[in-house]
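Comments concern the structure below.
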Amino acid sequence: MADTTITHWIDGKPHERAAERHGEVFNPATGEVQARVAFASPGVVDEAVEAAVRAAETWRSVSIARRTKILFAFRQLVDKHQHELARMLTLEHGKVTADALGEVNRGLEVIEFACGIADLAKGEYSENVSTEVDSYSIRQPLGVVAGITPFNFPAMVPMWMYPIALACGNTFILKPSERDPSAANFCARLLADAGLPPGVFNVVHGDKVCVDRLLEHPRVAAISFVGSPPIARYIYETGTRHGKRVQALGGAKNHMIVLPDADMELAADAAVSAGYGSAGERCMAISVVVAVGSAADKLVPLMKQRIAGLKIGDGLEPGSEMGPLINRAHRDKVAGYVDRGIAEGATLVADGRGLSVAGRPGGFFLGPCLFDHVQPSMSIYQDEIFGPVLSMTRAASYDEAIRLVNTNPYANGVALFTNDGGAARKFQHEVEVGMVGINVPIPVPMAYYSFGGWKASLFGDHHIYGRDGVHFYTRTKAITSRWPDPRHRGVDLGFPQNR
Ligand code: NAD
C-alpha cells in the first residue's frame, strides 16, 4: 500500500495533526489500496467550524465584486486543471476518463452560474408603501454551512453546493465521501490559489462520527446532503431537530417509458447509455425501462446487441466505456441482485457476472446485466441497485406505464421516448417526478434551473443549485424605513397603518 495519507483542509491549509482513525481508499480498477484517509474526530470538526466562524465575520462583508472575481478565477483554474481532476476521479471512483471529464464540466457550469451572483441575490424595493415610508428586502448569508456528499460524483456534487454558498457570503465545510476524498482537497487548493481567504472553505474527512458532529454543532446553520435514502432521512431529521436548515437529496429508481411509436434505435441507444454509464452508479441512471405494447419485442434485441459491444475496463485505458464499481462489497451486493432477479422469475437477457478484465484480476468489475419481464413485486424492481443492472417491465398501456412511475416511492428522474407531441405533453403534466426528460434519458437540469426529486428522493423544500440554491443559502431581511421630512406629526400610539 502506498503511504499516502489524505488529510483535512482547515483554515487554508492541510491539517497536520495525525488522526486516530483512518479509512482505506481503493483504486477500483485494480482492487488495491492506494491511500488512506484521515477520519475527523469531533474535536477536528470543531476546529473546522471555528475557522469557518472566524472567516464568516469578514467574508459576509466582502464585496460582491470581489467574491465574483475569486469565483471567476476558481472557474479558470478548474477549467485549466480539468484533466488532472478527472484522472483523480478515475483513480478513486473508477469512472472512465470521458465520464470524469463530463462530471467536471457539469460542475463548472454551477461555478459559472455562481459568478452571476450580483444579479441572483438582488433584493426588492418598494417606495412609498406608506407616506414617506419605503420597504425593501435584502438577502443575507446564513453563516457557516456544511455539505455532505456521496461517492458517485466526488467533484460535481460538492460543486452543486459550495460555489453558490460562497457566492452568497457563507463559509463552507465540505464532508466528502471517504471512498474518493482527493477531489475535495484538490478543489480546496484551487480555491485558495484563486484568492479565497483562509477558513472560508474547509474540508473534513470521515464517517458518521464527523457527520454527527456537523449535524449537532450549534454554529452550523445549514446542511446540504446528497446520498442514500436512509442517510438522507437521518440527516434531515437530525439536522432539523438541531434547528438547522436542511436539504437532503436521497435515492432514485428512474423509469424510462418507451411508447410503440418511438424511434427504437434512439431509445435503445439511450437506455443502454443511461443504464450502464458510470456502471449505473448515478442517481439519474435509468434502472427500469417500461416498454408499452409492442415496444419491448423491438427494444430487447436492439439493447442486447449494443450491450454486447460495450468495452468494460480500467477507466484510464483509452476506449473503456464502463469502469468498475466503487468497491468489492458493493460489486458483490449488485451481483447478488442479479441472483435474486433470476430466483424471483425475471428473464436474464444479458449476464455480466462472469466478466473478467484482462490485466485487472483484482478490479471490482461487473458486466452489464439486462432483465426482461420484471414485475413490480420483485426486489430488482423495488430497490435502488446502483449498478449496471437494467430491468425491462412491460406495460399494456401508456396509462399503466404512467401509473407505475407515479406509484413508485422515489421520484428523482424519469424519461419518455415517443414521437407524439400530445403524449409528451400529457406526460409532463401528469408525471409526479422532479426531473423529466422527453426523448432525453438523463435530464439533469442546467445550472440555472434547480436539481431535485420529489417524494422519497428529497427531504426538505429546496432543490439544489439554481435559484433554489441561492434561496437555500440566504435568508431575507425585510426593512421598513422612514426618512421623514422635518414636518413630523408627534406621538401616535395607534398600530402603524399604511397611509
Ligand atoms: P451514502 O449515503 O452512503 O453516503 C453519503 C454521505 O453520507 C457520505 O459522505 C458518507 O460518509 C455519509 N454517511 C454514510 N453513512 C452515514 C451514517 N450512517 N451517518 C452519517 N453519515 C453517513 O451514499 P453513497 O453510497 O456515497 O452514494 C450513493 C447514493 O447517493 C445513492 O443512493 C444515490 O442515489 C445517491 N445520490 C443521490 C443523488 C441525488 O441527487 N438525489 C445524487 C448522487 C447520489
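In each ligand, atom 1 is the first atom listed, and ligand 1 is the first ligand listed.
Taking each of V444, T238, N412, V211 in turn, the one with a heavy atom nearest to atom 20 (C) of ligand 1 proves to be V211. Between atom 2 (O) of ligand 1 and the options C283, S228, P154, the minimum heavy-atom separation is to S228. Considering only non-hydrogen atoms, atom 22 (C) of ligand 1 lies nearest to I231 out of I231, I326, N254, I464.
Under 4.0 Å from ligand 1, not a single heavy atom of E281 appears. Contacts with ligand 1 closer than 4.0 Å are made by side-chain heavy atoms of W160 only, the backbone lying farther away. When heavy-atom distances to ligand 1 are checked against a 4.0 Å cut-off, F451 comes that close only through its side chain, counted from C-beta outward. In R179, the part holding a heavy atom less than 4.0 Å from any atom of ligand 1 is the side chain. Contacts between T149 and ligand 1, counted as non-hydrogen atom pairs separated by less than 4.0 Å, involve the backbone only. Contact annotation for R282 and ligand 1: no heavy atom of the residue comes within less than 4.0 Å of the ligand.
A salt bridge does not link D180 with K95: none of the charged nitrogens is closer than 4.0 Å to a carboxylate oxygen.
Applying the salt bridge (charged side-chain N to carboxylate O under 4.0 Å, His left out) test to residues at least two apart or on different chains, the pairs with a partner in residues 234-256 are R233-E237.
Counting atoms of ligand 1 from 1 in the listed order, those under 4.0 Å from a heavy atom of N152 are 43 (C), 44 (C).
Side-chain atoms of K175 come within 3.5 Å of backbone N or O of G206 as a donor-acceptor pair.
Distances between N or O atoms of D212 and those of ligand 1 include no value under 3.5 Å. Remark: ligand 1 and Y234 share no N or O pair separated by less than 3.5 Å (distance only, no angle test). Checked against a 3.5 angstrom limit, the closest N/O atoms of K175 and ligand 1 fall inside it. Among the atoms of G250, some N or O lies under 3.5 angstrom from an N or O of ligand 1.
Within the model, atoms CG of L85 and CG of L108 stand 9.0 Å from one another, a figure rounded to the nearest 0.5 Å.
When all heavy atoms of T171 and L166 are compared, the pair lying nearest together is CA-CD2, 4.4 Å.
In this structure, Y410 has its ring center at least 6.0 angstrom away from the ring center of H255.
Using cut-offs of 30° and 60° for the angle between ring planes, the F74 and Y162 rings count as tilted.
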